[in-house]
Each structure stands twice: as structure tokens, then as C-alpha cells.
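Structure first, then comments.
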There are 2 protein chains.
Amino acid sequence: MSELLQIQRPLPPSLHAMKTSCVNCSMHQLCLPMGLDDSDMNRLDQIIGRRRRVARGESLYRMDDPFRNLYAIRLGHFKTYQFNAGGEQQITGFQMAGELMGMDAISTDKHHCDVAALEDSEVCEIPFQRLEELFGMIPMLLRHFHRIMSQEITREQNAMLLLGNMRAEQRFAAFLINLSSRYAARGYSSTSFQLRMSREDIGNYLGLTIESISRLVSKFRKLGWLGVDKREIQLLDPVRIKALAAGTETCPMA
Amino acid sequence: MSELLQIQRPLPPSLHAMKTSCVNCSMHQLCLPMGLDDSDMNRLDQIIGRRRRVARGESLYRMDDPFRNLYAIRLGHFKTYQFNAGGEQQITGFQMAGELMGMDAISTDKHHCDVAALEDSEVCEIPFQRLEELFGMIPMLLRHFHRIMSQEITREQNAMLLLGNMRAEQRFAAFLINLSSRYAARGYSSTSFQLRMSREDIGNYLGLTIESISRLVSKFRKLGWLGVDKREIQLLDPVRIKALAAGTETCPMA
DNA sequence: CGCTTATTTGAACTTTTTCAAGTCTGGTGG
DNA sequence: CCACCAGACTTGAAAAAGTTCAAATAAGCG
């Protein structure tokens, strides 16, 4: 919560002037334009409202905001979270470059969650109405859109599996492996990366307390599975962590 | 698990001969054809492969089966569940008439979960490829399809909220209220219905053990909130249960 | 530097699970 | 019709896993 209240620093304007288009974007083989030829990609480009910056801790949209746009992440990281009537928060996901946000709003024309930037980030605003018009003209785009929505469903089913029947160690291992493979898909190291979220956020996402996360970090470090320096993480024994995440191996006790 | 192994009784053939079409289906205002006029509804009807019966305990499709069809439930109830590499099961949802299954398979062309009938049931088989062809011709159908997928995402986010930060009583209350409102939407009683799934299934879905579910049932019964006769349920104090589910009120201790 | 926030760690406490018996029900065969 | 069996469900007591509470560090930011 407190992250949201902090002072928001604007980004330098130089970034904004930078040529931004799907064709030039390093994410275009992961993002919505995946598989489109240059001409179709340009058509998609043309409907994109603007590239919008979101400073760390700033909110991109909030629950119940009217739904007009999907957002593709160009740069940075976000978290999506919900509140229940009692005011308790649940983080439903962490998003990174190339991922699409806002699809949960299509059914009711209202956003169902809040989205906040975990670091200074940049998104492409995609007016959904105009995207729908393109669907009729670019079948490939429609198919890919369906794949992305389907992927989102799968992603959340995996989260249910995690929350529903994994023990703490397994959840944390699954969390690390998930990040690892997503960084790998983006061409980054799969064994060495920075956590963009706080321990509290991790705990919230995994259905555990911040103290439990802290203990898990220590435990994995002591086992020699993990190198930890603040939020800088190294998977020293990815095979072991993967096996733990998959449930084919259990965690040695303290 | 054991439910899957029982003897499967075929349905009487008379049912099969019955005229089945979207226009005549009582679910058409909840299901895929929602909002279509008769002519478009007929076009949808024409692509529907067949109405298929699934006996209680029988499986409609399994994880890793090739994806060809979506399935709309005409009649009955289903559960969808996943396994992790370690072989542990997690039920990701219970589906009832008018709901669409299989959307998680679009992204990889393989089903991501198993689906089993909780009672003798009947589904409409919707060849996805042909459905995609229709999307180009019936924009309304496409829009509604997007809404349904979006709803599925929302549904799962709610499940994450449930699994991630509710205590046992709240989970169970939320589960009951969820069923209640879905029956209400179908014109059935919102306070009196039959559980189609075993206590074990409920526990698995809610991330609790069967014993915990049993204790919760007893507790709610003793509090006078619930009338229970085997799987027959009556919500005697829906307001209280709703408040508990929403997190605006807590459960009195035993 | 001084303050606020993030993280770690220990110990007591809760919640839920696990283990171990029962009970109840429907179906089967005598 | 009734005894018997298998599966589903209930209940109690002990154990385990995490949480909560409390306190100490450490880090980031003006």
C-alpha cells in the first residue's frame, strides 16, 4: 500500500520524443503484434492512442474505472491487484514488458482491478473499440488476441494451483521459476534478475505473510539455492528449485 | 478421484432425439448466442457439431488432448481440474448450464485441464475453427465471445482472492454465495439447492481438506445459517453468509 | 545525519491439517 | 427383508504449518 503513496517523479522528456512504434519495439514478437507483417503492424500502430509513462508507484487505472483501453507494457513492471468488500488486497499478478493488461474489463466495461507501476514504466494505450475494428480486417490479429486472452486464463489457473495446494516453499519456488522463465523469454538471464516487487507484494501474491517470505528467502539462501542481495536474485541451483516448484521434490527441513 | 472410477450408466436414448438448438435452449440468454437475433443464432446452430452426453464421472476431455472444440453446457454440472508435475490435483472451477469450457486451450492448441461431469450432463460441441469463421460474419458474436473470455479471467481472479487471503469460513461462505447467485441467474432458488460435488471436491477447490469442509458445514449448521441434508443445502441466513463472504463481518467462534 | 520504510528474526499463538476412529447411506446378495 | 460392504461424511485429538506480535537491523531518501 505504502508504495502507492510515495512521491511520483516524472521521467525526463527526452524519452518521450523517442521514436516509438510496434515495428521498432523489442517486444513485438511477444506482444499483441506478434506474427503480423509490417503492413498490418503499421495499421495496429496507427490506432495506438499514445505511449504513456507511469512513474513508480503510480496507478495506471483503478477498479471501476470505465474501460476504454488495453495497455501493452513497453518497458517496466506492474502489479495488478483487487480489493474485496472488506478492503483486503490481493495481488493477482505481476506484469512485465510485452504483456497486455486490462482484458478482465471487457466483460463489464469496467476495470476489475487496480494496476500500479513497480518502477518507472511505459505502456502503449490501445483503444479497445478501434482494436475491435481491426479484428475484422486482420484475422491474424484476432487469433493472436484470443491466444493472449487464453494465456491469461491459463496463467491464472496456474496461480490457483499454486494458492490452492502448494506449501509455502513450493509457492516461493514456483514464483521464482515463473519469473525466471519469463525473463528468459525476453532474452534476459534466467538465473540472475532483480525482484521489482517488495517482499510484502510477493507475500500478498503468494498468499503468505511478509515474514514468511523473509524466512523463505533466508532458508533458500542458507541451503545455497539462492544468492540474495536485497532484491537482486541469483538462482544458484535452478534444477532443485524447479523440481521443488513442480512438486517432484520436497524441501529439506531447516 | 474415486468418483471417476464408478460405473457409467448411459442415458435413455429418448433424450437424444429431442430437438436441440440454440433457439430452443433455455440457456441461450446466458450462453454463447446471447444477444443474437434468430437468424444469427441459427447460423451458430449450424456449426455446432453435436450435442454430446457425458455420464456422471465421465471425462469430457483431458489435459493435453488436442484442442478442437469449445463446449457449452446444456444440462448438468462439471468440474475442471489440473494436475501439477507431482500429480496433485487442483479443481479450478465448477461449471453449470450455459457456461463455456475449453477457452484455456486456445493459446496452445492443447487442453490445459481435465473436465469431468458431476452428474449426467449434456454439452454442445462447438468447433472452434468454424466459430472463428463466424466471428468475421457476426460481430455481435465476437463481442460476446470476448466478454465470456473476459468473464472467465475475472472469475479466476476472484478465485485467487479467495485462495490468497480468506480464512476457511470466508472461503466456504464465498463458495456458497457464488453458487447461490449462479443458480439465481438461471432462475432457480438462490437459497435452496443441491451441491453436485462431493465435500472432497469442495475442499480441493477451496484449498482446504475434506475434514475442514465437514467441520465448516457442521459449524454453519449449528449457527443456524445453513440447513443441510446430505448435499441438499438451504441458506437460512443468506445476509450473514454474504457479509462473511464479503469480509465485512467475521465468523463467531465455536 | 535523521527519519521513515523495508526486511529479518525469534517466540508465542492460531489455524488448519493429519491421523484415527466412527457413523451413515445406498446398493448387493443371501 | 436384512446383513454386509464400500464410499462419503463426521468428529476428536495431536501435530504441523504459518501467522501474529515484538523487536532489532538495514536501507533509501531527503
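As the structure is a computational prediction, the values presented were derived from the model and not from experiment. Side chains are part of it too, since the values below use all heavy atoms of this structure and drop only hydrogens, waters and symmetry mates.
For residues 179-192 of chain B, the salt bridge (charged side-chain N to carboxylate O under 4.0 Å, His left out) pairs, not counting sequence neighbours, are B:Glu99-B:Arg182, B:Glu99-B:Arg186. Applying the ring-ring contact (aromatic ring centres under 6.0 Å, His included) rule to pairs touching residues 219-239 of chain B yields B:Phe172-B:Phe220, B:Phe220-B:Trp225, sequence neighbours excluded. The salt bridge (charged side-chain N to carboxylate O under 4.0 Å, His left out) pairs that include a residue from residues 166-177 of chain A are A:Glu169-A:Lys219, where partners are two or more places apart or lie in different chains.
The shortest heavy-atom contact between A:Gln170 and B:Asn84 is NE2-ND2, 3.8 Å.
Residue A:Ser218 places at least one side-chain N or O closer than 4.0 Å to OP1 or OP2 of C:dT9.
Rounded to whole Å, atom C1' of C:dT18 lies 16 Å from atom CD1 of B:Ile213. Between the CG atom of A:Leu163 and the P atom of D:dA17 there is a distance of 19 Å, rounded to whole Å. In this structure, A:Leu216 places its CG atom 8 Å from P of D:dG18, rounding to the nearest Å. When rounded to the nearest whole Å, the span between CD of A:Glu232 and P of C:dA6 equals 19 Å. We find that CG of B:Asn165 is positioned 11 Å from P of D:dT19, with the value rounded to whole Å. Spacing between atom CD1 of A:Ile210 and atom C1' of D:dA24 amounts to 14 Å, rounded to whole angstrom units. In this structure, B:Arg231 atom CZ and D:dA8 atom P are separated by 8 Å, rounded to whole Å. Computed from coordinates, the B:Leu208 CG to D:dA17 P distance equals 17 Å when rounded to whole Å.
The residues B:Arg196 and B:Glu119 are annotated as salt-bridged, a charged nitrogen and a carboxylate oxygen being separated by less than 4.0 angstrom. Taking a cutoff of 4.0 Å between a charged side-chain nitrogen and a carboxylate oxygen, B:Asp120 and B:Arg56 do not qualify as a salt bridge.
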Is there any protein nitrogen or oxygen under 3.5 Å from a nitrogen or oxygen in nucleotides 20-23 of chain D, and what are the pairs?
residue	atom	partner	partner atom	Å
D:dT20	O4	A:Arg215	NH2	2.8
D:dC21	N4	A:Glu211	OE2	3.2

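Rounded to 10 degrees, the angle separating the terminal axes of the helix from C:dC1-D:dG30 to C:dG30-D:dC1 is 40°, with each axis obtained from five end pairs.
Ring pair A:Phe67/A:His111 is perpendicular by interplanar angle, where above 60° counts as perpendicular and below 30° as parallel.
As judged by a 4.0 angstrom heavy-atom cut-off over every strand, B:Gly207 is placed among residues touching the sugar-phosphate backbone only.
Listed by chain and number, the residues in a side chain to side chain contact (heavy atoms under 4.5 Å, CB included) with B:Ser214 amount to none (sequence neighbours excluded).
With the nearest nucleotide of DNA chain C identified for both A:Val217 and B:Glu169, A:Val217 has the one nearer the 5' end.
Other residues, nucleotides and ligands contribute only 12 or fewer heavy atoms inside 6.0 Å of the OH atom of B:Tyr188.
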